[in-house]
Structure formats: structure tokens, C-alpha cells
**Q** 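Mind having a look at this structure? Questions to follow.
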Amino acid sequence: MPTRPGLLIGRILGIPIYVHASWVIIFVLITTSLASQFTQQHPQWTNAQHWVIGIVTALLFFASVVFHELSHSIVARGYKIQVDSITLFIFGGVARITREPSNAMQEFNIAIAGPIASLFLSAAFYAVTLFFPYNTMVGALGTWLSETNLALALFNLLPGFPLDGGRIFRAIIWGITKNFSRATRIAGASGKLVAYGLIVLGAWFGLSQGQWTSGLWLAFIGWFLLSAAQESVAQLAIRETLTGLRVVDVMSQEIPTVLRDISLEDYSHEVLRTGRRCHLVVTDSRLVGMMNVHRLNSIPRDEWANTSVQAAMIPRDKILWAAPDESVLGLLERLLAADVNQMPVVSGAQNDGAQIVGMVSRDSILRVMRTRGELRLSAAEK
Ligand SMILES: [Zn+2]
């Protein structure tokens with residue numbers, strides 16, 4: 001799944017819609033295959049008509065994908081789950097929600113909304129062909145979109161995580177067993193089965209039917225699903241390892257500081273000497289900002305001697321804070337979402353008695369995860 005959203009093309013209902021670079025490949029593929037299909041089926045059209053209808057059909061197809069993702073998003077919002085973005089990429093679309101649903105019913109409804117939306121579109125485009133029986137262009141466009149949305153709905157209903165069908169499957173097992181981890185494992189395993197099935201089907205298409213393009217494409221999708229299924233099971237393992245941990249458990253109580261008027265040259269020496277990658281910037285024992293290796297590297301090397309830490313640091317009001325009693329899992333999600341490596345931990349941030357009590361970093365969280373993983377292993381060996 002793409003980690004960087006890509007190019008922002010607009011907002012619908014306040015949700016930013018992105019296009020990932022890989023999407024261009026699939027758009028070109030679909031448009032050219034549509035144009036050649038229309039050329040065969042409707043030789044009486046002009047060449048320009050083949051291409052224009054091809055492009056319009058491809059664009060409406062991607063609008064259909066956005067509609068599918070929006071329907072997941074709207075149901076999620078109904079449960080107060082925030083939707084970060086919708087991204088179009090080579091294998092379709094993905095709506096990024098900020099947290100997992102809190103119960104099986106919510107997950108079921110969020111997951112099923114997508115296939116229902118695609119079925120609805122399939123019926124709507126079919127109706128369009130009935131309303132314009134004598135217009136071959138609208139007919140060709142409507143027929144293709146109706147069939148493709150139907151295929152999209154059916155494909156998404158395959159019971160393999162992370163497809164919608166896999167989520168529906170997980171929600172059902174979750175509802176019956178009341179055990180989220182177990183449900184995820186089972187849905188993940190069935191996701192791998194579906195993925196292997198697609199790869200085998202792809203090989204069969206290519207080898208015995210001579211349909212290399214469809215075969216490769218199926219195998220490619222299978223391979224993508226396989227890694228996505230593995231990733232979701234790995235995420236679950238992280239979730240289980242970090243459950244119950246608070247920031248105060250993993251933070252370091254050491255709070256390295258530097259003065260704001262030293263040069264970046266001097267700061268780099270401090271980093272090399274101590275191996276610490278992040279410092280709070282103080283003046284007269286007052287906090288004014290935060291400095292780290294990332295900010296240092298954003299300044300060209302030959303300007304280090306003449307630039308102060310003050311000029312390169314993250315100013316105080318831009319620093320993101322962690323609270324001591326915040327869950328480590330929540331913090332990890334915040335660190336990843338904001339793409340920062342460390343945060344100062346502040347107690348009593350609500351009232352004026354705010355005080356920095358430590359520093360927490362991705363590294364310290366990873367260390368705890370590793371140790372807990374090892375401990376679990378050695379406990380299992382006994
Ligand atoms: Zn979906």
C-alpha cells in the first residue's frame with residue numbers, strides 16, 4: 001500500500017483525494033485497452049471517438065472507485081472514526097481511516113458499504129444503457145462500467161483480508177468469538193489462500209490459455225494481496241506487544257539540552273560526541289524549541305558554521321508533545337502519522353504547571369517491542 005499519498009487532486013466532503021504515481025500506469029493501460037476494444041466493436045466510429053470514449057470511460061471508472069471508497073468513509077465517519085485521505089493507486093483505491101473500528105458490527109458495516117456502492121453503480125450504469133438504447137457510444141460506455149463495477153464488487157467480496165470481503169469475514173468471526181486477534185489471524189490466513197489462488201489462476205491463464213496479460217495481471221494482484229495480508233498480521237503482532245504500555249514506561253528520563261545561540265557546527269560535534277539525535281533548545285533555562293539531526297541535515301553543510309541552532313530548530317509552538325499516561329500504541333501511530341522520530345513527554349500540560357519529564361522516540365518503542373518479543377519466545381520454548 002502506498003505510504004506517501006501522492007498528488008492531491010481535490011476534496012470531497014472534506015476528505016482529501018490523492019492520486020499515487022503508480023495510478024498513471026493503470027490509467028494508461030485501461031484507456032488504451034478500452035480504445036482498442038471500442039475500435040474492434042465499433043469500427044464505424046472515428047478514431048478520435050474511440051479515444052475520447054475510452055478516456056471518458058476510464059475517468060468514470062476511477063470516479064466509481066472514489067465513490068466506493070467514499071462509501072466506506074461515510075459509514076466510518078458515522079462511527080466517529082476520522083478519515084485521513086482517499087488514495088487512488090495501481091490496484092484501485094484505499095481509504096485511510098485513523099483507527100480500527102471498536103466492534104464487529106462497525107467493521108462489518110464499514111466493509112460492506114464499498115461492495116454495496118459498486119453494485120449500486122453497476123445497476124445505475126446498466127439503467128443508463130436502457131435509457132439510451134440507440135446511442136452506441138453511451139451504450140458501450142454504460143455496458144463496460146456496469147460490468148466492471150459488478151466485477152469490482154464481486155472481487156472485493158472475496159473472503160481474504162485486506163479485501164472488503166476479508167474484513168466482513170473478520171467482523172463475523174470477531175462477532176462470534178469476541179476475539180479480535182484470533183479473527184485477524186484467521187482472516188489473514190484466508191487472505192493468503194485467496195492470494196495464492198489468484199497467483200495459481202494467473203499462471204494457469206498464462207501457461208495453458210496463452211492469455212499472458214490477464215495471467216500476469218492476476219498473479220500481480222495476488223502477490224500484492226499476499227504482502228498486504230502478511231502486513232496486517234504483522235501489525236497485529238505489534239498491537240499485541242504494545243497493549244497496556246504507557247509512554248511513561250518506555251520514555252527516557254534523560255533530557256539532553258543545547259543552547260540556542262551555538263552554531264550548527266558546534267551542534268554537530270555535540271551529536272557526534274554523545275550519539276544523541278535530539279535535543280531540547282533552552283535559553284535561561286526556558287524552553288524555546290527542539291533540535292535534531294533531521295533538522296541539521298536540512299541545512300547545507302557549508303552553512304553550519306554561520307547558522308545558529310535557533311535558526312534551524314523546531315520552534316516551541318510547533319513541537320508535538322506526548323503525555324506520560326498516553327498509550328504507546330497511540331503514540332506510535334502519532335509519530336508515524338506526523339513523520340517525527342521523537343517527542344518530549346510533558347506532564348500537567350493542561351494547566352500551567354507543564355513540565356518536561358522525559359523524551360520518547362521510535363527507537364525506544366522498537367527496543368521495548370524487541371525485548372518483549374524475545375521474552376515471549378523464550379517463555380514459549382519452556
Ligand atoms: Zn472497498
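First listed ligand is number 1; within each ligand, the first listed atom is number 1. This structure is a prediction, so every number in the text was calculated from the model and none was measured.
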**Q** Just to verify, which of F180, F108, F169 counts as forming a ring pair (Phe, Tyr, Trp, His ring centres under 6.0 Å) with W174?
**A**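 It is F180; the other options fail the test.
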**Q** My understanding is that only residues two or more places apart in sequence, or in another chain, count here; which of them pass side-chain hydrogen bond (donor to acceptor under 3.5 Å, both in side chains) with R295?
**A** none
**Q** Under the rule for side-chain hydrogen bond (donor to acceptor under 3.5 Å, both in side chains), what residues qualify as partners of N292, not counting sequence neighbours?
**A** none
**Q** Sequence neighbours left out, what passes salt bridge (Lys or Arg N to Asp or Glu O under 4.0 Å) with R260? Give chain and number order.
**A**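 Counting only residues at least two positions away or on another chain, R260 forms no salt bridge (Lys or Arg N to Asp or Glu O under 4.0 Å).
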**Q** When you check the gap from the basic side-chain N to the acidic O, do R362 and D339 get nearer than 4.0 Å?
**A**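 Result for this pair is yes, salt bridge flagged.
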**Q** Count up the protein N, O or S atoms sitting under 2.8 Å from the Zn ion (ligand 1), would you?
**A** 4
**Q** Checking T87 against H20: is there a side-chain donor and acceptor pair closer than 3.5 Å?
**A**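 No, T87 and H20 have no side-chain donor paired with an acceptor closer than 3.5 Å.
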